[in-house]
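Reading through the structure tokens given below for one structure.
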Amino acid sequence: MTVSSGSPGWYLRRLSRMGPREVGGRVGDAVRRRRWRTARPNCPSVTGARFTAVLPAGTIAAVPPDAAKRLVAEADRLMDGHAEYFGVDRDDLADPDWFYDPKTGRRAPVGYAFDVPYRDEDAVGDIKQIWELSRHHHLTVLAAAYAITGDERYAERVAEHLRSWWAANAPLSGVHWTSGIELGIRLLSWVWIRRLLDGWPGAADLFEGNPVALQQIWHHQRWLAAFPSRGSSANNHVIAEAAGQSAAACAFGWFPSSARWRADALRSLERQLRSNTFGSGLNRELATEYHGLVLELGLAAVAEADASDVPVPASIRLVLLRMTDALAAVVDNRLRPPRQGDADDGHGLVVDGAGTDRWGSLLATGDAVFGRLAWWPTVTGTDVRTPLLAALIRPYSKSGTAPAVSRPASRPAHFADAGMTILRGPEKIWCRCDGGPHGFLSIAAHAHADALSVEVRHDGVDVLSDPGTYCYHGQPEWRQYFRSTLGHNTLRLDGADQSVSGGPFLWTRHARSRVLVADTSDASDQGTVRWCAEHDGYRPSVHRRRVELTAASQELRVVDEVRGQHSPRRAAHLAFHLGPAIAADLVGNRAVLTWTRDGEDRSATLDLPAQLSWRAHRGESDPSLGWYSAGFGRKEPTTTLVGTGFADGTQGFTTVLRFRG
């Protein structure tokens with residue numbers, strides 16, 4: 001069953017997940033929106049505004065030449081009008097239509113912002129396609145290219161696009177004024193655009209000397225102060241709102257309300273970073289790309305505060321430190337983090353060209369700001385963003401207010417609060433085991449029904465893969481598939497998901513998991529590491545899974561059991577999704593897996609439970625099965641092995657994956 005957002009039933013289900021305080025806040029928001037329709041706030045007059053949050057001398061010279069080369073190549077593609085967003089190529093960026101969705105060919109309607117039905121693809125188009133360009137990441141890239149090369153063509157194009165956007169998007173008009181995360185990230189982009197254009201003669205006239213720019217900056221901040229994400233929606237969105245608000249109030253502190261906005265935003269950022277982050281440092285949404293987004297936003301916010309000599313609450317730096325250590329702990333040998341939960345390719349600050357590794361960049365910045373630990377993986381790539389941020393952010397040990405903290409002496413493998421365990425073996429074998437909470441807050445918006453799933457890689461190649469996300473709005477059948485239990489490497493009973501979906505970003509019942517064993521102490525060349533967990537999503541039955549990785553034999557053993565049944569049998573589907581690089585030859589209950597890495601042929605055997613009947617699926621759409629999404633808006637066929645049969649509680653299903661030396 002597919003459930004769309006925006007229907008009366010969805011609103012009732014959404015309301016049921018809110019507490020009284022959130023309901024009251026949303027009622028107040030509705031009253032304010034109605035009042036602003038006819039009595040919109042007016043921007044106060046500003047005189048004598050100056051931009052002082054510039055980069056220290058020598059910062060641009062510290063950008064590595066290869067990173068600068070990638071950036072300029074990206075900027076030149078943008079100057080030619082070309083870009084790619086979520087799998088869709090655009091060639092109209094020389095003079096873009098800010099409301100056009102190239103995916104559907106639709107154009108979002110104009111009018112009072114809060115009347116725009118942005119969740120309705122038939123009326124608006126794919127909202128992600130429309131919003132992404134107006135985050136103005138392409139303009140931060142062009143501005144960075146100007147800072148590096150001094151070529152004024154880049155600066156002039158930035159100015160053209162900003163003036164075009166401001167003219168087309170009057171305050172509170174249209175789809176770009178409907179979501180706080182968009183306003184927050186856009187403000188962050190504008191701060192960096194102004195900073196990177198500082199050497200250009202037209203920079204001051206574009207920003208502080210431009211009444212239209214001042215009005216836009218003021219209205220963005222006024223909007224964020226009035227309509228913060230609340231309660232069950234206070235996830236990465238509220239952090240983007242607070243980060244953008246605090247950054248703008250620091251760098252563009254030209255308004256009577258700037259000091260209050262800055263203080264309120266930093267307080268919100270401190271509170272929300274703590275609430276959105278486990279003590280172990282992992283993001284509570286358990287969606288890895290949002291861990292990266294939140295970390296980027298937090299670092300950018302601290303950079304602005306430090307550049308303006310604004311005190312930063314000590315716990316903000318501490319949370320960012322823990323997030324960075326956690327990221328260093330969970331990546332595989334190729335610096336790829338887990339593919340867990342939703343992923344929409346969202347970024348907080350973009351000043352790099354194609355080919356720059358996001359996770360390596362974050363670890364490089366962490367090294368510059370916090371200092372790397374001995375067990376951190378080595379980062380060999382370069383980026384533009386790290387020297388820019390490092391030039392503004394005070395090193396943790398010199399920040400003055402940062403508390404002393406005990407950091408892990410060795411690489412963590414089990415994150416008890418997040419329920420994530422990383423099993424590592426020889427020959428670069430990496431396995432993520434999921435025994436954590438279903439998601440964050442009452443709606444668990446970015447969670448998938450993936451309890452007890454495993455994700456296995458060999459030298460960075462997905463062998464047993466997490467298929468990814470693919471889409472959010474407009475294609476409910478695909479949204480449902482990529483979030484489903486069958487869409488993950490775990491067991492489904494009676495054709496049902498472990499957790500119950502109430503819409504594209506809403507879960508009305510959450511499976512509860514608990515880790516029983518996480519023994520990662522014997523990770524030697526001959527040792528065995530173990531994990532065991534269970535969940536109650538198939539009540540009254542309990543699904544329990546054991547995973548053992550034995551180094552000597554390069555063998556991963558997975559045992560699934562269904563316990564506590566009151567009925568004699570339950571229909572079972574056990575799925576294993578292979579990565580897109582893996583070819584599979586399935587005969588009976590044995591699959592021979594082959595792939596190539598760096599020109600070298602690799603292989604493994606997958607012995608599947610004989611009690612089940614096995615079939616390989618690839619690129620099927622009725623129903624959806626056998627797909628992999630490498631990034632938002634992109635999908636490709638891959639092989640999924642599905643075993644069907646019955647679980648009777650008397651014996652387990654044993655799967656053995658053996659890598660060949």
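The analysis underlying the following values was restricted to heavy atoms, covering all of them including side chains, and did not include hydrogens, waters or symmetry mates.
By the 6.0 Å and 45° rule, Arg479 stacks over the aromatic ring of Phe505. In this structure, Arg317 forms no cation-pi arrangement with Phe370, as its terminal cationic atom is not both closer than 6.0 Å to the ring centre and no more than 45° off the ring axis. Figure legend: Lys128 and Phe632 shown as a cation-pi pair, the cationic atom lying under 6.0 angstrom from the six-membered ring centre and within 45 degrees of its axis.
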Enumerate, atom names and distances included, each donor-acceptor pair closer than 3.5 Å involving a side-chain atom of residues 195-204, sequence neighbours excluded.
from: Arg195; atom 1: NE; to: Ala53; atom 2: O; distance (Å): 2.8
from: Arg195; atom 1: NH1; to: Glu304; atom 2: OE2; distance (Å): 2.7
from: Arg195; atom 1: NH2; to: Ala53; atom 2: O; distance (Å): 3.1
from: Arg195; atom 1: NH2; to: Glu304; atom 2: OE1; distance (Å): 2.6
from: Arg195; atom 1: NH2; to: Glu304; atom 2: OE2; distance (Å): 3.2
from: Asp198; atom 1: OD1; to: Arg194; atom 2: NH1; distance (Å): 3.0

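In summary, the side chains of Asp466 and His577 do not present any donor paired with an acceptor at a separation below 3.5 Å, with no hydrogens or angles considered. Residues Ser361 and Arg385 bring a donor and an acceptor atom of their side chains to less than 3.5 Å of each other. The closest side-chain donor-acceptor pair between Thr365 and Thr386 falls under 3.5 angstrom. Checked by atom type, the side-chain pair Thr596/Asp601 shows a donor-acceptor distance below 3.5 Å. Between the side chains of Arg90 and His82, not a single donor N or O lies within less than 3.5 Å of an accepting N or O. Asn276 and Glu285 are not linked by any side-chain donor-acceptor pair at a separation below 3.5 angstrom, with hydrogens and angles left out of the test. Side-chain contact annotation: Arg618 with Thr639, donor-acceptor N/O pair under 3.5 Å present. Side-chain contact of Ser179 with Trp131: a donor-acceptor pair under 3.5 Å is absent, judged by distance alone. Of the N and O atoms on the side chains of Trp430 and Asp459, not one donor lies less than 3.5 Å from an acceptor on the other residue. Checked by atom type, the side-chain pair Ser134/Trp165 shows a donor-acceptor distance below 3.5 Å. With no hydrogens or angles considered, a side-chain donor-acceptor pair links Thr356 and Arg70 at under 3.5 Å. There is no side-chain donor-acceptor pair under 3.5 Å between Ser453 and Asn489.
Panel note: side chain Trp98, backbone Asn169; no donor-acceptor pair is recorded below 3.5 Å. Judged purely by atom type and a 3.5 angstrom limit, Arg424 has no side-chain atom pairing as donor or acceptor with the backbone of Ile429. For the pair Glu208 (side chain) and Arg50 (backbone), a donor-acceptor distance under 3.5 Å is absent. Panel note: side chain Ser189, backbone Arg135; a donor-acceptor pair is recorded below 3.5 Å. Checking side-chain atoms of Glu289 against main-chain N and O of Asp345 turns up a donor-acceptor pair under 3.5 Å. Within the 3.5 Å criterion, the main-chain N or O of Val310 finds no donor-acceptor partner in the side chain of Ser308. Under a 3.5 Å cut-off, the side chain of Thr104 and the backbone N or O of Arg106 do form a donor-acceptor pair. A donor-acceptor pair under 3.5 Å is formed between the side chain of Arg372 and the backbone N or O of Trp376.
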**OP:** Starting from the C-alpha separation in whole Å, work towards a yes-or-no answer on side chain to side chain donor-acceptor pair (under 3.5 Å) for His161 and His136.
**Re:** CA-CA 9 Å; His161 278 210; His136 291 171; over 6 Å; no
Subject >> Full working for salt bridge (Lys or Arg N to Asp or Glu O under 4.0 Å) between Arg394 and Asp309 >> reply: CA-CA 10 Å; Arg394 297 188 182 102; Asp309 291 322; 2.8 Å; yes
**OP:** Please step through side chain to side chain donor-acceptor pair (under 3.5 Å) for the pair Thr638 and Trp627, ending with a clear verdict.
**Re:** CA-CA 5 Å; Thr638 191; Trp627 295 93; over 6 Å; no
**OP:** Please test Asp462 against Arg336 for salt bridge (Lys or Arg N to Asp or Glu O under 4.0 Å), starting from the C-alpha separation and ending with a verdict.
**Re:** CA-CA 10 Å; Asp462 292 315; Arg336 293 184 62 215; 3.2 Å; yes
**OP:** Give the C-alpha distance, both sets of side-chain angles, the deciding distance and a yes or no for salt bridge (Lys or Arg N to Asp or Glu O under 4.0 Å) between Glu600 and Arg602.
**Re:** CA-CA 6 Å; Glu600 180 182 341; Arg602 314 268 180 107; 3.7 Å; yes
Subject >> side chain to side chain donor-acceptor pair (under 3.5 Å) assessment of Asp126 paired with Tyr85 >> reply: CA-CA 12 Å; Asp126 186 327; Tyr85 295 108; over 6 Å; no
Subject >> Derivation of the salt bridge (Lys or Arg N to Asp or Glu O under 4.0 Å) call for Arg483 and Asp450 >> reply: CA-CA 8 Å; Arg483 294 201 307 164; Asp450 57 356; over 6 Å; no
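With sequence neighbours excluded, the residues forming a side-chain contact (heavy atoms from CB on, under 4.5 Å) with Arg77 are Ala73, Glu74, Ala354, listed by chain and number. Not counting sequence neighbours, the partners of Tyr290 by the ring pair (Phe, Tyr, Trp, His ring centres under 6.0 Å) test are His446.
For CG of Asp598, the number of neighbouring non-hydrogen atoms (other residues, nucleotides, ligands) closer than 6.0 Å is greater than 12.
Note that the CD1 atom of Ile185 and the CH2 atom of Trp190 stand 13.0 Å from one another [nearest 0.5 Å]. From Leu320, atom CG reaches atom CG of Leu273 across 5.5 Å, with rounding to the nearest 0.5 Å. Going from atom CD1 of Ile217 over to atom CG of Asn210 covers 8.5 Å, rounded to the nearest 0.5 Å. Residue Leu269 holds its CG atom at 4.0 Å from CD1 of Ile316, rounded to the nearest 0.5 Å. Rounded to the nearest 0.5 angstrom, Phe86 CZ and Tyr472 OH are separated by 9.5 Å. Note that the CG atom of Leu349 and the NE2 atom of His347 stand 10.5 Å from one another [nearest 0.5 Å].
Ring orientation note: the planes of His176 and Phe99 are tilted relative to one another, at an angle of 30° to 60°. The aromatic rings of Trp595 and Phe659 lie perpendicular to each other, with more than 60° between the two planes, well past the 30° mark. Using cut-offs of 30° and 60° on the angle between ring planes, the pair Tyr481 and Trp478 is perpendicular. Between Trp166 and Phe207, the ring planes are perpendicular. Angles over 60° get that label, and only those under 30° would be called parallel.
Contact of the Ser465 side chain with the Glu455 side chain is not registered, since no non-hydrogen atoms from C-beta on lie closer than 4.5 Å. Between Pro504 and His473 the shortest side-chain heavy-atom distance does not fall below 4.5 Å.
A side-chain contact (heavy atoms from CB on, under 4.5 Å) with Ser229 is found for exactly one of Ile239, Leu224, Val238, namely Val238.
Contact between Cys250 and Arg262 at its shortest, heavy atoms only, is SG-CD, 3.4 Å. Scanning both residues, Ala251 and Val191, for their nearest heavy atoms gives CB-CG1, 3.6 Å. For Ala301 against Ser246, the heavy-atom pair with the smallest separation is CB-OG, 3.8 Å.
Taking 4.0 Å as the cut-off between side-chain N and carboxylate O, Asp332 and Lys428 do not count as a salt-bridged pair.
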